[in-house]
2 protein chains.
Amino acid sequence: MTGDRKTISEMVRDKFDDLTRAERQLVDAILRNYPVSGLGSITALAQSADVSTPTVGRLVQKLGFHGYPAFQAALRAELEEQLSSPLVKHDRWSDGAPDTHILNRFADAAVDNLRQTLGQIDPADFDAACALLAGLERRIFAVGGRITHALADYFCTHMQVIRDRVIPLAANSNTWPHYLLSMRPGDVLVVFDIRRYENDILKLAEMAADNGTEIVLFTDQWGSPVAPLARHRFNCRIEAPSVWDSSAATVVILETLIAGVQQRNWDTTRDRMKAIEDLFDRTRLFRKFN
Amino acid sequence: MTGDRKTISEMVRDKFDDLTRAERQLVDAILRNYPVSGLGSITALAQSADVSTPTVGRLVQKLGFHGYPAFQAALRAELEEQLSSPLVKHDRWSDGAPDTHILNRFADAAVDNLRQTLGQIDPADFDAACALLAGLERRIFAVGGRITHALADYFCTHMQVIRDRVIPLAANSNTWPHYLLSMRPGDVLVVFDIRRYENDILKLAEMAADNGTEIVLFTDQWGSPVAPLARHRFNCRIEAPSVWDSSAATVVILETLIAGVQQRNWDTTRDRMKAIEDLFDRTRLFRKFN
DNA sequence: TTGGCTCTGTCAAATATTTTGCAGGAACTT
DNA sequence: AAGTTCCTGCAAAATATTTGACAGAGCCAA
């Protein structure tokens, strides 16, 4: 493929001239729907080629494999590379850093997390979540845990510009009952709960759900105990080459969600953004962008 | 996918809520490099997920298959269909979403940002920044702006577990002079400043630099006015298909930095992490992982 | 705490798969 | 045409895989 090693199909084609009748018949079957054909049992492959089982075994040995299982393993490895290459095929991320430098390892993990996270998201469900959060008649609450409250914070900072009635819950769970009182059926609670799942958050979600509040959950690949209560749920992979988890994929989904809500509320947002910019300018809090 | 029959990954996703800890762990491994992971022996799959062989057997029965071989057969059939249909499919992040869906556009932008960001980082400089932040004799301050204070917060939450003497600056700039007083030559100030650059942050950085405080800066591709003062600087691309900027690349670099510091302080960190876990367990703030 | 419950791993039996030994038979040479 | 060689399939042995039974561990409720 990339020159490091021959693919099975190439090996097979190269050897083709040296093969016997039954073996060519077999190779033909292998290539017929390559590489899936070779992934079943040796007998199944033999039958699909109308040759005997030992013929298959002998051919793979001729190709240099130690046995049929070894042949299958090679086939799987090849398939794996083929399936993942389009995206992971970056030349090293950071020039000058060895592949094993933590910058490169982390970047690999981040992209991998993102791909797998997106693979598990149903676009229709995602769109529905956007629509839910775009509804101006609802109030939006957001809460996070020890580590994830930064994400809830990030979310609220943006949402508060996009729309009215966005209420971040304080990190301190003592204050939560207060908010619970004001939640009404139809309101939305956005929950960030990533391992280790926090019991306080579960309790909060349970009570909110009892109230008729809709729950949107951001969690990890294993799923927080809040999941069964959630109307919309995003399982974001958090694996990282570190003792810590990575929130990168979560951030991407979160930002996409913000963008999606923003699109739906563009008329409102435009005015609000303009108003906010003016305010910031007036208070001279920010210097103009260069 | 094509609608006629559910794919294994969809089945797994649907059942996810009903699954137990070991089963989720297993599902995670299956999805890790789907579908190749499920094409080997049941034992190999079990080992890659760190569960026992029977657990795998039980899961596939739960999914409705008669046995592991039946599960594999379904997987092969699915793979065959996938491979024979348009190859571009693999390029899509989220199956079922048209390429122009915002999920896919955002993901593309995020990876692009990450690639370009990493391309601009000198690994040696990065390592030096890690070493700087790992020095226990220094105090670490962190500050962010209107939007980026969530990043500073995120950074501090982690660093406070890794090491002592990490001090997050409050979002309110009124309180900053207080912190300035306690900064000493050799201390480090981590600054998050992304457009629109905030004047207060610039002033803070200037005064800190005058004090002899080392500055580590996270900014965007254009560079905040703090840049000339910074000992280490990370320009993270923030482009997104939205009126908002994306912090995803910044988060990845930040997490990598945390991991790097963590490695250098592993002896200290291990004890601190253990102590913290114990504390959380005792206070029953968290429920055990399933 | 204690008792009941579910979950999960170990072990061993059952089953499937792969490999090997062997012999019939085709093709090629003499 | 007879002898030789190599190919091929059958069947049984060897090996690997899968499944079922059991018991310990952990969790939850009373």
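Numbers restart at 1 for each chain; the letters A, B, ... are given by sequence-line order, proteins then strands. What's counted below: heavy atoms across the whole structure, side chains too, no hydrogens, waters or symmetry copies.
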Would A:Asp112 and A:Arg115 pass as an ion pair if we require N to O under 4.0 Å? yes

Let me know the distance between CG of A:Asn199 and P of D:dC28, rounded to the nearest Å. 10 Å

Does a side-chain N-to-carboxylate-O contact under 4.0 Å join A:Asp187 and A:Arg138? no

Could you tell me whether a side-chain N or O of A:Glu23 sits under 3.5 Å from a main-chain N or O of A:Thr20, the two making a donor and an acceptor? yes

Pairing residues for A:Phe71 by the ring pair (Phe, Tyr, Trp, His ring centres under 6.0 Å) criterion, not counting sequence neighbours: A:Phe65, A:Tyr68

Could you label the plane-to-plane angle of the A:Trp244 and B:His158 rings as parallel, tilted or perpendicular, counting under 30° as parallel and over 60° as perpendicular? perpendicular

For nucleotides 8-23 of chain D, read 5' to 3', which letter fits each nucleotide if B means a protein heavy atom sits under 4.0 Å from the base, S means only the sugar-phosphate is that close, and - means neither? BBBB-----SBBB---

A:Phe71 CZ - C:dT17 P separation (whole Å): 17 Å

For A:Leu45 and C:dT18, what is the distance between atoms CG and C1' respectively, to the nearest whole Å? 13 Å

